[in-house]
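Step one of this worksheet: look at the structure below.
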Amino acid sequence: MREIRLFVDTPLRVGLELALPATAAQHAVRVLRLRAGDAVTLFNGDGHQYPAQLSTIAPGVTRARVATVESPARESPLRVTLLQALARGEKMDWIVQKATELGVARVAPIVTARSEVKLDAARAAKRLEHWRAIAIGACEQCGRNTVPRIDVAGSLEAFLAANAATDARFVLQPGDATRIRSLTPPPTPVTLAVGPEGGFGEDDLAALRAAGYGALSLGPRILRTETAGIAALAALQAMLGDF
Ligand code: SAM
């Protein structure tokens with residue numbers, strides 16, 4: 001039977017018996033129809049996973065007892081921050097999910113001059129919660145025990161001011177820029193900036209250049225914003241990550 005992985009936002013240790021949070025309990029009991037005695041794997045983002053057994057299933061409470069702890073190596077040696085201009089609708093969800101599967105370390109959504117999506121503080125906080133849930137769901141599915149950091153959406157300027165990076169820095173730009181395969185030695189940690197549907201504006205590009213971002217091309221075809229970062233991540237994982 002496939003491993004059933006459940007995220008719990010609480011410290012875990014061998015021997016601990018804990019009540020599962022409502023969403024995890026509902027998923028285990030209502031959706032997966034698990035019973036007392038069934039095996040689950042708990043994780044909380046601390047880098048480990050905790051095989052456990054459901055000990056109680058009763059109305060309003062589902063409990064599990066942690067049997068052991070495991071630390072499989074599922075994090076890539078390549079540390080990538082995806083500086084992603086907000087994309088419309090469900091595209092951003094897709095980017096967070098796929099980037100998590102591809103081992104991204106951090107996703108920083110940004111509003112740029114040509115971003116078609118604008119968020120006030122309340123909506124930005126709600127979106128952050130939503131994207132974090134998507135990243136957790138992706139970790140449940142792909143086996144990562146470290147949940148990538150997702151930032152609250154902010155301006156490009158704010159990101160650049162707060163991240164005087166020691167990382168290698170690139171802005172993905174269609175055209176004749178440096179190609180990924182010619183990066184020697186391949187950079188890590190690395191921040192990749194991806195523009196919105198309409199591309200980065202001149203001011204954005206000037207700010208990125210001033211902050212040390214070199215242009216990086218993914219070849220002669222124009223990719224959609226939701227494709228570009230994911231393609232770059234996959235290419236970098238193949239070059240120096242764990243593909
Ligand atoms: N007309 C826009 C332009 O020329 O920038 C196209 C924007 S594209 C739909 C959205 C973003 O994806 C771009 O800002 C860039 O960051 C990235 N992108 C798309 N195709 C790319 C390529 N071939 N190489 C590198 N980055 C690319």
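We count ligands from 1, going down the list as the structure has it; atoms in each ligand are counted the same way. One is the number of the first residue; the rest follow in order along the sequence.
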Distance alone, cut at 3.5 Å: any donor-acceptor contact between the side chains of N163 and R169? no

Specify the closest pair of heavy atoms between P109 and D151, including all atoms of both residues, with the distance to one decimal. CD-O, 3.2 Å

At less than 4.0 angstrom from any non-hydrogen atom of L172, what atoms of ligand 1 do you find? 15 (C), 16 (O), 25 (C), 26 (N)

Which residue holds the protein heavy atom closest to atom 5 (O) of ligand 1, what is that atom called, and what is the gap in Å? G199 CA, 3.6 Å

List for me each residue that meets side chain to side chain contact (heavy atoms under 4.5 Å, CB included) alongside Q53, sequence neighbours excluded, and say none if there are none. none

With a cut-off of 4.0 Å, which atoms of ligand 1 are near a heavy atom of E197? 7 (C), 9 (C)

Could you point out which residue of E70, Q49, E3 forms a side-chain hydrogen bond (donor to acceptor under 3.5 Å, both in side chains) with T41? E3

So, does V171 sit close enough to ligand 1 that a heavy atom of it is under 4.0 Å from the ligand? no

Mark the output for P196 as yes if a heavy-atom distance to ligand 1 is under 4.0 Å, and as no if none is. yes

Any donor-acceptor pair under 3.5 Å linking the side-chain atoms of Q173 with those of S217? no

Does a donor on one side chain sit under 3.5 Å from an acceptor on the other, for T225 and E197? no

Measuring from atom 6 (C) of ligand 1, which candidate in T227, I222, D204 has the nearest non-hydrogen atom? I222

Looking at ligand 1, does any of its N/O atoms fall within less than 3.5 Å of an N/O of G219? yes

Centroid-centroid under 6.0 Å between F43 and Y50 rings: no

Give me the nearest non-hydrogen protein atom to atom 9 (C) of ligand 1 as residue plus atom name, then the distance to 0.1 Å. L223 O, 3.2 Å

Within the 4.0 Å heavy-atom shell around Q173, which atoms of ligand 1 are there? 24 (N), 25 (C), 26 (N)

How far is atom 22 (C) of ligand 1 from its nearest protein heavy atom, and which residue and atom is that? P174 CA, 3.6 Å

Check P196 against L86 and note the closest heavy-atom contact, atom names and distance. CB-O, 4.4 Å

Which atoms of ligand 1 are found less than 4.0 Å from any heavy atom of R221? 20 (N), 22 (C), 23 (N)

Can you confirm whether the side chains of Q141 and R5 place a donor and an acceptor under 3.5 Å from each other? no

Counting non-hydrogen protein atoms only, what is the nearest one to atom 18 (N) of ligand 1? Give residue, atom name and distance. A228 CB, 3.7 Å

Using a 4.0 Å cut-off to any heavy atom of S217, which atoms of ligand 1 qualify? 24 (N), 25 (C)

Sorted by chain and residue number, the side chain to side chain contact (heavy atoms under 4.5 Å, CB included) partners of T56 (sequence neighbours excluded) come out as E17, A58, R63

Return the residue, atom name and 0.1 Å-rounded distance of the protein heavy atom closest to atom 11 (C) of ligand 1. G195 O, 3.5 Å

Could you check R144 against E101 for salt bridge (Lys or Arg N to Asp or Glu O under 4.0 Å), going step by step and ending with a plain yes or no? CA-CA 8 Å; R144 283 183 79 177; E101 291 170 31; over 6 Å; no

Considering only non-hydrogen protein atoms, determine which one is nearest to atom 24 (N) of ligand 1 and report residue, atom name and distance to 0.1 Å. L218 N, 2.8 Å

In this structure, atom 1 (N) of ligand 1 is nearest to the protein heavy atom G198 O, 4.4 Å

Which atoms of ligand 1 sit under 4.0 Å from any heavy atom of L216? 25 (C)

